[in-house]
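Every chain is numbered from 1 and lettered A, B, ... according to where its sequence line falls, protein lines coming before strand lines.
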There are 2 protein chains.
Amino acid sequence: MKEGPDIALIGSLIGDPARANMLTALMGGQALTPTELAGLAGITLQTASSHLAKLEAGGLVAQRKQGRHRYYALSEDEVGLMLESLMGFAASRGLTRHRPGPKDPALRKARVCYNHLAGDYGVRMLDSLIAAGEIEVASGDDLALTDAGRRRVEVLGIDYAALQKSRRPICRTCLDWSERRSHLAGSLGEALLALFIDKGWAKREKDSRAVRFTATGEKAFLELFPR
Amino acid sequence: MKEGPDIALIGSLIGDPARANMLTALMGGQALTPTELAGLAGITLQTASSHLAKLEAGGLVAQRKQGRHRYYALSEDEVGLMLESLMGFAASRGLTRHRPGPKDPALRKARVCYNHLAGDYGVRMLDSLIAAGEIEVASGDDLALTDAGRRRVEVLGIDYAALQKSRRPICRTCLDWSERRSHLAGSLGEALLALFIDKGWAKREKDSRAVRFTATGEKAFLELFPR
DNA sequence: TCAATGCTTCGATTACGATCGAAGTATGAA
DNA sequence: TTCATACTTCGATCGTAATCGAAGCATTGA
């Protein structure tokens with residue numbers, strides 16, 4: 001009663017359906033405007049504005065003004081990790097917001113988790129990197145890129161030095177709600193997803209967290225990260 | 001809006017201060033009666049009863065009748081893990097329910113996390129087991145006890161065969177809100193904490209999650225799990 | 001059988017927060 | 001300047017859920 005962190009505030013922020021819908025939408029990784037979020041959550045702009053102010057005060061989202069638009073996004077990686085963990089628990093209880101529809105398999109295969117790749121493909125990528133000795137599990141969930149790993153991502157065209165400059169962790173784990181296993185988050189996870197899209201291997205589906213690989217992209221990905 | 005697990009229900013369950021207080025109390029690992037929980041949360045028995053019914057319907061807690069008492073506890077390890085992860089996020093936002101008091105350092109040093117040891121000592125124990133090659137990190141957050149590890153815990157007096165029989169995972173990681181690192185959960189984590197208390201090395205503090213080591217217990221623990 | 005304890009259910013009250021219309025502010029375009 | 005768009009703030013309404021008193025079960029012990 002008088003010790004430890006206060007989870008009630010965070011819980012109540014997530015506990016409202018409209019806000020939960022917005023947060024879920026923002027897990028797609030794209031920054032969205034209040035108007036878009038209002039549409040997705042099925043509420044008016046005024047209500048959405050009020051919700052977003054609360055989420056911002058609670059540190060869950062952050063905004064960036066651009067012209068007459070305001071773009072909202074999850075404030076940090078941590079928020080995405082926490083939400084994914086909550087989703088994992090909810091999924092294990094069978095609490096889904098709809099009867100599992102046709103999109104569900106696509107989501108389980110590959111989807112965006114805030115800014116990195118999740119689902120079967122995300123888990124496979126991390127497993128493969130570890131098996132190849134390119135990422136080391138230091139202890140618990142600290143991950144570290146090995147020298148071999150660094151060379152590998154540089155060959156792929158990722159600017160490793162730029163990643164190092166930022167204060168954000170380069171590698172970290174994120175628990176996958178569909179696979180119940182870890183996948184790769186952190187700035188490297190973000191850079192890799194951006195790379196796949198940049199190379200035209202994969203595309204984000206509109207209005208969904210699903211990631212659709214092209215035929216050639218899928219082939220290249222599976223070769224690059226063997227099981 | 002139409003895909004993925006429903007986090008709003010879980011969020012709203014955690015979002016009420018009275019329920020959050022009860023859940024935090026149950027993180028101490030002991031099963032508690034509605035009367036006790038009502039006292040801790042500062043509400044009447046009727047209100048507590050209503051909250052507990054909701055938590056039970058949501059799958060967060062489970063009850064066991066014993067005579068004219070009903071003992072409530074977190075329903076599974078998963079719940080504890082999820083709550084600890086939420087606490088980690090809340091703590092990183094500086095959201096504490098009180099000014100950090102004298103008990104805070106004790107909590108950071110060693111505390112109960114549902115049924116296993118957390119805090120600095122919990123993290124140290126897992127790190128030490130991994131360094132000694134007694135626990136292996138398979139990939140991501142799958143942990144496995146090695147042959148050497150099995151011999152070690154059997155020497156300590158833990159019935160490994162009994163652990164194997166249960167369907168629960170023996171080793172798993174749990175993210176520590178104070179250390180931001182992983183410590184050991186699962187049935188082995190539970191058995192080890194029970195062992196320390198059984199041997200008289202440590203005691204649970206009353207009405208707190210803190211675990212206090214005796215002088216000799218602390219010495220033995222630190223020798224057993226060198227940094 | 002009766003009384004005491006522990007808890008649940010019912011019912012009424014209350015308070016808070018979600019919601020949206022209307023009005024106000026800021027940015028950009030004509 | 002004027003108009004349009006994007007968003008926030010204000011104010012009023014409304015619904016829901018938290019709360020607790022009172023009554024109802026169930027278990028125990030005498």
**Message:** Rounded to whole Å, please give me the gap between CZ in A:Arg64 and P in C:dT27.
**Reply:** 17 Å
**Fill in**
Heavy-atom nearest nucleotide on DNA chain C taken for A:Lys65 and for A:Ala18; more 5' hit belongs to A:Ala18
**Request:** When you get a sec, tell me which of D:dC20, C:dG21, C:dA18 is the closest nucleotide to the side chain of A:Thr44?
**Result:** C:dG21
**Message:** How many whole angstroms separate atom CG of B:Asn21 from atom P of D:dT19?
**Reply:** 10 Å
**Phosphate contact (D:dT27 OP1 or OP2) by B:Arg70 side-chain N/O below 4.0 Å** = no
**Item:** Parallel, tilted or perpendicular: rings of B:Phe213 and B:Tyr121 (30°, 60°)
**Value:** tilted
**Request:** Please determine if a side-chain N or O atom of A:His51 lies less than 4.0 Å away from the OP1 or OP2 oxygen of C:dT19.
**Result:** yes
**Prompt:** Taking the nucleotide of DNA chain C with the closest heavy atom to each, which residue, B:Glu36 or A:Ser50, is nearer the 5' end?
**Reply:** B:Glu36
**Request:** May I ask you to evaluate whether A:Ser49 reaches the phosphate of D:dT8, defined as a side-chain N or O under 4.0 Å from OP1 or OP2?
**Result:** yes
**Request:** Quick one: sort the B:His183 and B:His116 rings into parallel, tilted or perpendicular, breaks at 30° and 60°.
**Result:** tilted
**Fill in**
Atom CG of A:Asp16 and atom C1' of C:dG17 are separated, to the nearest Å, by 9 Å
**Request:** In whole angstrom, give the distance that lies between atom CG of B:Leu55 and atom C1' of D:dA17.
**Result:** 14 Å
**Item:** C:dC20 OP1/OP2 closer than 4.0 Å to side-chain N/O of A:Thr47
**Value:** yes
**Asked** Does CZ in A:Arg204 sit with more than 12 non-hydrogen atoms of other residues, nucleotides or ligands closer than 6.0 Å?
**Response** yes
**Asked** About how many Å separate OG of A:Ser92 and CD of B:Glu76, when rounded to the nearest 0.5 Å?
**Response** 6.5 Å
**Fill in**
To the nearest angstrom, the CG-P distance between A:Leu13 and C:dC16 comes to 17 Å
**Prompt:** When all nucleic acid strands are considered with a 4.0 Å heavy-atom cut-off, which category describes B:Tyr71: base, sugar-phosphate, or nothing?
**Reply:** nothing
**Item:** Value in whole Å for how far the P atom of D:dT8 lies from NE2 of A:His69
**Value:** 13 Å
**Prompt:** Would you call A:Arg209-A:Glu84 a salt bridge at under 4.0 Å N-O?
**Reply:** yes
**Asked** A:Gln46 has an atom CD; how far is it from atom C1' of D:dC14, in whole Å?
**Response** 16 Å
**Request:** In whole angstrom, give the distance that lies between atom CD1 of A:Ile43 and atom P of D:dT8.
**Result:** 12 Å
